[in-house]
Amino acid sequence: MKTAQQMAMDGDEPPSKYNINNYTTYTKFGSLETSPPFAPVPIINIGCLLSSAKQDDQQTELARLRSALTTWGCFQAVNQGLPVSYLDNVRQVIKQFFELPLEEKRKYFRETGSVEGYGNDMTYSENQVQDWCDRLFLRILPEDQRKMRFWPENPSNLRETIDEYTKKMKSLSVVIFEAMAKSLEVEENCFSKQFTKERDVLQGRFILYPPCATPDQVFGLKAHSDRSGITLLLQDPGVEGLQVLNDGKWYMVPVIHDAIFVNLGDQMQIMSNGIFKSPVHRVVINREKARISVAMFTEPEADKEICPVDGLVDEKRPKVYKVVKDYAAFNHECFQKGVVALDAVKL
Ligand code: OGA
Ligand code: NI
């Protein structure tokens with residue numbers, strides 16, 4: 001099977017299973033528009049969320065964060081301590097991997113039945129439209145579960161770069177989890193402890209969206225919400241492509257060179273008892289330019305029970321969601337059946 005990148009290089013027309021017009025199940029969230037209006041996604045100054053920040057600044061930023069997460073479920077994180085040159089280097093290393101000849105990348109090919117490794121979209125059923133993208137998927141944390149055979153050795157600094165970037169994303173996610181709790185006036189570690197107490201779970205998805213001459217007929221990534229706690233996304237500075245759904249309308253997420261785009265996943269919507277949103281989003285393809293992105297997903301351990309936290313449940317606001325366990329697998333199953341997982345765990 002050819003990767004999307006090879007097809008783009010050979011000038012192939014996308015095969016019919018990539019053509020969204022052949023499927024009716026994907027219009028649930030509206031039809032594909034390649035250039036909707038830009039989303040006024042809030043920009044959050046992470047420096048102001050730190051306990052070292054001035055009290056007034058902190059309060060203001062926490063209120064902005066809360067508002068961002070109740071309306072959009074996402075924001076652009078700036079002033080997070082990562083210089084643009086550093087972020088550019090991470091993007092560059094990933095880009096270099098995708099630019100390697102196929103023979104080299106083939107060494108890391110995903111094996112049948114496994115999600116880890118390099119390759120194209122995994123097919124679950126005949127009726128599933130394929131996404132026009134190639135990806136390298138790695139379980140990065142816990143460290144003792146790394147399958148190093150999927151970790152490219154070329155470019156030579158890739159492993160080290162991913163390892164270092166992961167540590168930075170892990171610290172950033174703790175700051176965000178704690179700030180979210182503060183903004184809701186609940187125990188500061190009530191979210192973070194679900195993710196960091198015993199064993200950190202973090203997965204990385206490094207994605208290439210090759211150009212396509214018919215961008216209105218293929219999805220880069222079809223509409224979905226993330227199963228994560230939070231997702232930290234490093235976007236390609238040269239090409240837009242990510243869209244979010246808000247109030248039934250699609251918006252294009254602007255690219256801010258020095259920002260990390262943060263969106264909540266379903267498990268955060270559950271823990272916040274529905275106060276915070278896990279936004280539905282998708283990726284569209286550019287006609288001429290390839291786009292890369294680096295997504296890191298924080299997750300609780302599979303056997304951990306996740307449910308709305310105590311401080312956010314009262315008579316006025318009864319529990320909206322059941323206790324869930326191994327939500328990642330459940331979400332995956334729902335996705336295969338075309339069911340919205342969050343709806344299925346509602347009380
Ligand atoms: C994802 C995702 C967005 C992007 O991997 O879940 O939404 O821009 N990625 O690649
Ligand atoms: Ni996503």
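Read the numbers this way: they start at 1 and go in the same order the structure lists the ligands and their atoms. Predicted model only: the values in this text are computed from it and were never measured.
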Kindly indicate, with the supporting measurements, whether the criterion salt bridge (Lys or Arg N to Asp or Glu O under 4.0 Å) is fulfilled by Asp163 and Arg159. CA-CA 6 Å; Asp163 193 53; Arg159 289 180 169 193; over 6 Å; no
Are side-chain N/O atoms of Arg227 and Gln203 paired as donor and acceptor at under 3.5 Å? yes
Looking at Val255, is its backbone amide N or carbonyl O close enough to the side chain of His257 to form a donor-acceptor pair, meaning the two atoms are under 3.5 Å apart? no
Take Glu103 and Arg106 through the test salt bridge (Lys or Arg N to Asp or Glu O under 4.0 Å) and record every step on the way to the result. CA-CA 5 Å; Glu103 302 83 79; Arg106 202 195 288 279; 5.4 Å; no
Roughly how far, to the nearest 0.5 Å, is the CG atom of Leu172 from the CZ atom of Phe177? 10.5 Å
Hphob cluster co-occupancy, Ile94 + Val283, side-chain heavy atoms under 4.5 angstrom: no
To the nearest 0.5 Å, what is the distance between NZ on Lys277 and OG1 on Thr70? 8.0 Å
Got the residues with a heavy atom under 4.0 Å of ligand 1, by chain and number? Arg205, Ile207, Tyr209, Leu221, His224, Asp226, Leu233, Leu242, His281, Val283, Arg291, Ser293, Phe297
Find out whether Gln96 and Asn154 are in side-chain contact, i.e. whether some heavy atom of one side chain is under 4.5 Å from a heavy atom of the other. no
Is a donor from one side chain sitting under 3.5 angstrom from an acceptor on the other, for Gln243 and Arg282? yes
Using 2.8 Å as the cut-off, note every protein N, O or S atom close to the Ni ion (ligand 2). His224 NE2, Asp226 OD1, His281 NE2
